[in-house]
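In what follows, a structure is listed as structure tokens, so that the remarks can point back to it.
Read the numbers this way: they start at 1 and go in the same order the structure lists the ligands and their atoms. Quick caveat, the model's predicted, so the values are computed rather than measured.
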Amino acid sequence: MPAAQKPFSCNVDVTTPAANLPRHVAIIMDGNGRWANQRGLPRLEGHRAGAESVRAIVRACGELGIGYLTLYAFSSENWSRPKAEVSALMHLLEFYLQREVAELDKSNVRLAAIGRIHELPESAQRQLQKGIEALRKNNGLTLVLALSYGGRAEIVDAVRSIARDVKTGALDIADINEDSISQRLYTRDIPDPDLLVRTSGEMRVSNFLLWQVSYAEIHVTDTLWPDFRKPQLLAAIDDYSKRQRRFGGVAPNEA
Ligand code: IPE
Ligand code: IPE
Ligand code: MG
């Protein structure tokens with residue numbers, strides 16, 4: 001039985017015995033700037049504190065036996081932020097990778113990245129590749145970092161790949177189906193998210209995993225990302241465990 005399908009067990013009050021852990025949790029980590037503003041600090045301090053939440057949530061997901069954790073760390077649109085903030089975020093990414101890989105390895109975490117990775121500074125790309133390589137053989141939690149990621153850009157890239165294959169004759173138009181698209185997304189090897197969390201209260205998806213979240217359960221919390229730690233994660237999972245997923249069908253007791 002895959003770890004993700006193990007019966008739900010953690011120290012939150014889960015009343016439904018059949019409640020299951022989500023196999024894949026995806027998080028829009030939002031609110032670092034507001035967290036810093038509230039304290040009269042520069043935005044960068046919010047991003048630094050946010051990196052500590054990343055550590056805590058990765059560890060907690062590993063301990064819970066969650067299969068995949070995708071973190072929206074930098075969007076295609078985030079390039080439009082002031083140069084100094086973009087550069088600080090890139091440095092923070094490199095610093096995080098440098099500092100955490102040994103710890104991730106100890107926790108049996110595998111690393112993957114989605115997005116237009118070639119758009120990142122070369123030193124960040126190198127650090128990322130090094131981390132992915134060092135953790136390749138692990139088989140615990142897969143941590144997926146969404147970097148220079150945009151859901152629309154991802155679909156554009158998939159459409160280009162399909163068009164190329166149609167042009168060379170490798171793919172017949174009549175054979176294009178949902179699978180042909182899924183298999184050309186950056187997430188081709190990753191199951192769709194079961195639970196989508198957004199911190200800091202905004203009710204929008206901000207171009208995150210547009211195709212993949214079709215049937216994800218959504219949990220929005222007012223907690224700002226730097227304040228989102230294990231108890232808030234457990235609350236999100238508790239919320240998820242009470243949802244009835246129907247995938248367009250009818251509830252089992254009505255079938
Ligand atoms: C999320 O926090 C981090 C990134 C988008 C990189 P924000 O920086 O968006 O924080 P707010 O939304 O301004 O509070
Ligand atoms: C979404 O947050 C992107 C990331 C968390 C990386 P934003 O702060 O960029 O989203 P908007 O601008 O509020 O929609
Ligand atoms: Mg934001």
Handout entry: Short side-chain to backbone donor-acceptor contact, Y149 and L209, under 3.5 Å
Key = yes

Exercise for the section: Could you tell me whether the side chain of R59 and the main chain of K230 form a donor-acceptor pair under 3.5 Å? Expected result: no

Practice task
Look at atom CZ of R152 and say whether more than 12 heavy atoms of other residues, nucleotides or ligands are closer to it than 6.0 Å.
Solution key: no

Practice task
Could you list the atoms of ligand 1 found under 4.0 angstrom from a heavy atom of N78?
Solution key: 5 (C)

Problem - Subset of ligand 1 atoms that lie under 4.0 Å from at least one heavy atom of H47 - result: 3 (C), 8 (O)

Practice task
Decide whether the shortest distance between a heavy atom of G31 and an atom of ligand 1 is less than 4.0 Å.
Solution key: yes

Practice task
May I ask which of E77, R204, R34, R198 has a heavy atom nearer to atom 2 (O) of ligand 2 than the others do?
Solution key: R198

Practice task
For S200 and L224, indicate whether the former's side chain and the latter's backbone hold a donor-acceptor pair under 3.5 Å.
Solution key: no

Handout entry: N or O pair under 3.5 Å between W35 and ligand 1
Key = no

Practice task
Answer yes or no: are there more than 12 heavy-atom neighbours, outside E178 itself, under 6.0 Å from its atom CD?
Solution key: no

Practice task
Pull out every atom of ligand 2 sitting under 4.0 Å from any heavy atom of A73, numbered as shown with elements.
Solution key: 6 (C)

Handout entry: Residue pair T221 / Q232, side-chain heavy-atom distance below 4.5 Å
Key = no

Practice task
Output yes when a protein non-hydrogen atom is found under 4.0 Å of atom 10 (O) of ligand 2, and no otherwise.
Solution key: yes

Exercise for the section: Check whether any N, O or S atom of D30 sits under 2.8 Å from the Mg ion (ligand 3). Expected result: yes

Problem - Residue part near ligand 2, for E202, under 4.0 Å between non-hydrogen atoms - result: neither

Completion exercise
Atoms of ligand 2 under 4.0 Å from any heavy atom of M29, numbered from 1 in the order shown, are 5 (C)

Practice task
Enumerate the atoms of ligand 2 whose separation from the nearest heavy atom of F74 is less than 4.0 angstrom.
Solution key: 6 (C)

Practice task
Do me a favour and list the nearest non-hydrogen protein atom to atom 14 (O) of ligand 2 with residue, atom name and distance?
Solution key: S206 OG, 2.6 Å

Handout entry: Flag if over 12 foreign heavy atoms under 6.0 Å of CD, E254
Key = yes

Exercise for the section: Determine the interplanar angle of the H24 and Y68 rings, folded into 0 to 90°, and report it as parallel if under 30°, tilted if 30 to 60°, perpendicular if over 60°. Expected result: tilted

Exercise for the section: Could you list which atoms of ligand 2 come closer than 4.0 Å to a heavy atom of R81? Expected result: 7 (P), 8 (O), 9 (O)

Problem - Check: I181 main-chain N/O paired with R184 side-chain donor or acceptor under 3.5 Å - result: no

Exercise for the section: Report yes if D30 has an N/O atom closer than 3.5 Å to an N/O atom of ligand 2; otherwise report no. Expected result: yes

